[in-house]
Colleague: 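Sending over a structure as structure tokens; questions will come in a sec.
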Amino acid sequence: MDLAAIAAELCALAPGAFTAARNERAKLLRREGKRELAQQVARLAKPTVSAWAVNALARRGAEALERVVALGAQLREAQEDLDATRLRSLAKERVQLLAEAVAAARAAADESGIAVSDAAAGEIEQTLRAAMADAHASAAVRSGLLLHALEGNGLDPVDLSGAVAVPEALDRPPAAPDEPVSAGGGHGGSGGRRADGRRPRKAADRRRTADADRQQHADRKADAERRAEEERRHADELRREERAEAEADRDDAAHALDEAQAELAGAERDAADAAARARRLTDELAGLRARIAELEDDLAAAEREGAAAERARRLASRLVERELRTVSRAQERLAGLG
């Protein structure tokens with residue numbers, strides 16, 4: 001999955017879930033060894049609420065947004081053709097279409113539980129107006145990767161700096177051709193008209209235009225400085241989040257190490273206890289075997305003594321019988337003599 005696809009997934013999430021999901025995706029990519037892509041993902045900025053609502057319309061292919069984009073193309077064409085009648089007609093239609101598109105964006109946000117304030121709704125309308133006036137801004141709005149509201153004055157190109165998560169993903173329309181000039185060069189020609197048939201502007205018009213250009217330049221510079229400050233704050237926030245993530249990983253690893261060391265110490269104690277018990281049982285077994293051998297010797301001696309005693313008994317018994325017979329014969333002789 002490339003950066004544009006990841007950005008599209010993240011931009012589709014509710015703004016409140018964006019940062020955690022982005023950091024988790026960057027962390028996963030780092031684990032997979034995709035460090036460059038992880039860094040790009042980690043630098044993705046969170047869309048504002050108004051940008052999220054416009055992105056929701058783009059993701060859904062909302063008819064209201066497509067009608068706004070189509071009307072914008074017609075307005076730009078009528079403006080290039082200096083068709084005042086058509087411009088007036090399209091301007092009336094623009095009011096209605098913008099209201100419908102803003103309502104559709106608020107409804108899409110409401111379905112996702114995201115509140116769109118009146119100020120955010122104003123930014124949605126401002127963004128859609130810019131998309132009508134500028135083809136590049138239109139492409140940004142339809143990309144679904146918008147990060148903040150767009151601003152346009154209908155004359156100058158809309159500044160898209162930092163407005164799209166992945167600018168390379170935009171399908172850029174071709175640049176408008178340069179304004180034609182007369183065959184003789186410059187803006188000369190018959191009747192003081194330019195090659196397009198319009199008269200040159202008066203000095204007052206040129207001064208007003210120059211003043212407007214200076215003001216627009218100042219506004220763009222202020223916007224650029226504001227966005228640069230926002231990017232710096234975002235970079236600082238990203239560094240803090242990465243540091244917090246690294247510290248959390250370190251704490252988790254330290255906790256896991258403590259648990260492993262405690263388990264190792266417990267296992268070592270159990271092993272030592274088992275070894276001591278084995279030694280004790282071995283000693284007891286050796287003692288029992290020695291006692292058995294001793295008792296076997298005593299039993300053998302007792303059996304020998306018993307056998308000797310039995311032989312002595314039988315011998316004594318025979319002697320007693322013999323002496324009884326001797327006594328009996330003596331008594332018989334005495335009786336014969338008496």
Side-chain angles (χ1 to χ4, degrees), residues 11 14-15 18 45-79 87-88 90-110 112 114-165 167 170 172-173 212-231 234:
C11 288
F18 179 92
K46 179 176 70 175
T48 63
V49 171
S50 60
W52 186 94
V54 173
N55 289 338
L57 293 182
R59 286 193 304 274
R60 299 181 179 196
E63 181 182 356
L65 179 61
E66 294 303 320
R67 292 173 64 189
V68 164
V69 171
L71 182 63
Q74 296 177 45
L75 282 166
R76 292 194 298 274
E77 181 181 354
Q79 187 171 3
L87 281 172
R88 283 193 296 271
L90 294 174
K92 293 178 181 179
E93 187 177 354
R94 176 175 59 187
V95 174
Q96 179 182 351
L97 290 186
L98 284 173
E100 291 176 356
V102 172
R106 298 188 83 162
D110 186 62
S112 299
I114 299 171
V116 176
S117 65
D118 291 340
E123 291 180 349
I124 294 173
E125 180 177 347
Q126 168 187 304
T127 298
L128 297 177
R129 284 182 179 275
M132 284 182 161
D134 184 284
H136 291 172
S138 176
V141 163
R142 298 180 71 188
S143 71
L145 299 175
L146 204 62
L147 297 178
H148 60 70
L150 302 180
E151 298 178 15
N153 56 18
L155 298 175
D156 295 321
V158 175
D159 185 5
L160 296 179
S161 302
V164 180
L170 292 184
R172 293 283 188 174
D213 289 343
R214 283 193 295 271
Q215 183 60 44
Q216 290 165 8
H217 176 73
D219 292 343
R220 286 195 296 270
K221 181 178 180 182
D223 288 343
E225 291 175 350
R226 174 177 57 80
R227 293 193 180 99
E229 179 60 27
E230 290 177 354
E231 290 178 358
H234 173 65

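Heavy-atom basis, side chains included; hydrogens, waters and symmetry copies ignored.
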Colleague: Quick check: closest heavy atoms across L87 and A78, and the distance to 0.1 Å?
Modeller: CD2-CB, 3.7 Å
Colleague: Checking the side chain of R142 only, and the main-chain atoms of A58 only, is there a donor and an acceptor separated by less than 3.5 Å?
Modeller: no
Colleague: For G152 versus A130, what's the shortest heavy-atom pair and its separation?
Modeller: N-CB, 4.0 Å
Colleague: Run the numbers on K92 and R88 for side-chain contact (heavy atoms from CB on, under 4.5 Å), then give the verdict.
Modeller: CA-CA 6 Å; K92 293 178 181 179; R88 283 193 296 271; 5.6 Å; no
Colleague: Would you say the side chain of H136 lies within less than 4.5 Å of the side chain of V158, judging by non-hydrogen atoms?
Modeller: no
Colleague: With respect to V54, which candidate in V102, V49, V141 satisfies the side-chain contact (heavy atoms from CB on, under 4.5 Å) definition?
Modeller: V141
Colleague: Rounded to the nearest 0.5 Å, how far apart are CG of L147 and CH2 of W52?
Modeller: 14.5 Å
Colleague: What's the spacing between L128 CG and L98 CG if we round to 0.5 Å?
Modeller: 6.0 Å
Colleague: Please indicate whether E63 has more than 12 foreign heavy atoms, meaning atoms of other residues, nucleotides or ligands, lying under 6.0 Å from its CD.
Modeller: no
Colleague: So which atom in L160 and which in A140 form the shortest heavy-atom distance, rounded to 0.1 Å?
Modeller: CD2-CB, 4.2 Å
Colleague: Can you name the closest pair of heavy atoms from N55 and C11 and give their distance?
Modeller: ND2-CB, 4.3 Å
Colleague: Nearest 0.5 Å, please: how far is CZ in R129 from CG in L150?
Modeller: 14.0 Å
Colleague: What distance separates E93 CD from Q74 CD, expressed to the nearest 0.5 Å?
Modeller: 6.5 Å
Colleague: Using the side-chain contact (heavy atoms from CB on, under 4.5 Å) rule, take E151 and D159 through it: C-alpha gap first, then chi angles, then the decisive distance, then the call.
Modeller: CA-CA 7 Å; E151 298 178 15; D159 185 5; over 6 Å; no
Colleague: Tell me, do E123 and H148 make a side-chain contact under 4.5 Å, heavy atoms counted?
Modeller: no
Colleague: Heavy atoms only: give me the nearest A53-I124 pair and the separation to one decimal.
Modeller: CB-CD1, 3.7 Å
Colleague: Just verifying a value: how many Å separate L65 CG and L97 CG, rounded to the nearest 0.5 Å?
Modeller: 11.0 Å
Colleague: How many angstroms lie between atom CZ of R59 and atom OG of S143, to the nearest 0.5 angstrom?
Modeller: 10.5 Å
Colleague: How close do K46 and P15 get, heavy atom to heavy atom, and via which atoms?
Modeller: CD-O, 3.1 Å
Colleague: Could you walk me through whether D110 and V116 pass the side-chain contact (heavy atoms from CB on, under 4.5 Å) test, one step at a time?
Modeller: CA-CA 8 Å; D110 186 62; V116 176; over 6 Å; no
